[in-house]
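Side chains included, hydrogens not; waters and symmetry mates left out as well; all remaining heavy atoms used.
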Amino acid sequence: QVQLVESGGGLVQPGGSLRLSCATSGFTLDYYAIGWFRQAPGKEREGISCISTSDSSTYYDDSVKGRSTISRDNAKSTVYLQMNSLKPEDTAVYYCAAVFTLRPTECSVLEGSYDYWGQGTQVTVSS
């Protein structure tokens, strides 16, 4: 049974940091590209970052570029999203998603590219 479980969210002050984790099970992470998405209240879900299976390709949306780092630990079946200098506009539910791929250098932040999704973790940035 494929599962993705996000954790690491919470309440943080502006300027603070969080490390989100996406723990996977039921499949071999080595063969899956991973994307991070978020959905703010009243807004559509948006893709913010992704990482290819080879770890050689990453992508960041302009909204998080320079403040975030995506990484993966296949041995732990976990993908991380380190977020720094958090802003109130980062408040959202954060989701990770996975897709099997034979293209080791590619990843996408298009929702339709992904087959499996986690339930999300809430991030609230507020003083």
Quick one: do Val123 and Val125 satisfy side-chain contact (heavy atoms from CB on, under 4.5 Å)? Show the steps, please.
CA-CA 7 Å; Val123 172; Val125 184; 4.1 Å; yes

Enter the distance from [X]:[atom1] to [Y]:[atom2] here, rounded to the nearest 0.5 Å.
| X | Y | atom1 | atom2 | answer |
| --- | --- | --- | --- | --- |
| Trp36 | Asp61 | CH2 | CG | 15.5 Å |
| Leu11 | Ser127 | CG | OG | 9.5 Å |
| Ile51 | Leu81 | CD1 | CG | 10.0 Å |
| Gln122 | Glu6 | CD | CD | 12.0 Å |
| Leu86 | Leu18 | CG | CG | 5.5 Å |
| Gln82 | Arg67 | CD | CZ | 12.0 Å |

Expected output: side-chain [X] to main-chain [Y] donor-acceptor under 3.5 Å:
| X | Y | value |
| --- | --- | --- |
| Tyr116 | Cys96 | no |
| Thr91 | Glu89 | no |
| Ser108 | Leu110 | yes |
| Thr28 | Asp30 | no |

Which atom names give the shortest non-hydrogen contact between [X] and [Y], and what distance separates them?
| X | Y | answer |
| --- | --- | --- |
| Gly120 | Val93 | CA-CG1, 3.8 Å |
| Leu4 | Cys22 | CD2-SG, 3.7 Å |
| Ser68 | Tyr60 | O-CE2, 3.4 Å |
| Thr24 | Phe27 | CB-CZ, 3.5 Å |
| Cys107 | Ser52 | CB-N, 3.9 Å |
| Val79 | Arg72 | CG2-CB, 3.9 Å |

Could you state whether [X] and [Y] fall into the same hydrophobic cluster, counting links through intermediate Ile, Leu, Val, Met, Phe, Trp or Tyr residues with side-chain heavy atoms under 4.5 angstrom apart?
| X | Y | result |
| --- | --- | --- |
| Tyr114 | Ile34 | no |
| Phe100 | Val2 | yes |
| Ile70 | Leu29 | yes |
| Val99 | Leu102 | no |

Do Tyr59 and Glu106 have side chains that approach each other closer than 4.5 Å (heavy atoms only, starting at C-beta)?
no

Candidate pair Ser7 and Thr121, rule side-chain contact (heavy atoms from CB on, under 4.5 Å), full reasoning
CA-CA 6 Å; Ser7 63; Thr121 185; 5.5 Å; no

Arg38 to Tyr95, cation-pi by 6.0 Å centre distance and 45° axis angle
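That pair does not qualify as a cation-pi contact.
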
Under 3.5 Å side-chain donor-acceptor pair for Ser17 and Asn84
yes

Carefully, step by step, assess Glu46 and Glu111 under the rule side-chain contact (heavy atoms from CB on, under 4.5 Å).
CA-CA 8 Å; Glu46 60 175 350; Glu111 284 194 52; over 6 Å; no

Establish, yes or no, whether a centroid distance under 6.0 Å links the rings of Tyr94 and Phe37.
no

Test side-chain contact (heavy atoms from CB on, under 4.5 Å) applied to Val64 and Met83, step by step
CA-CA 8 Å; Val64 300; Met83 300 188 69; 4.3 Å; yes

SB check Lys65 Asp62 (cutoff 4.0 Å):
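Result for this pair is yes, salt bridge flagged.
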
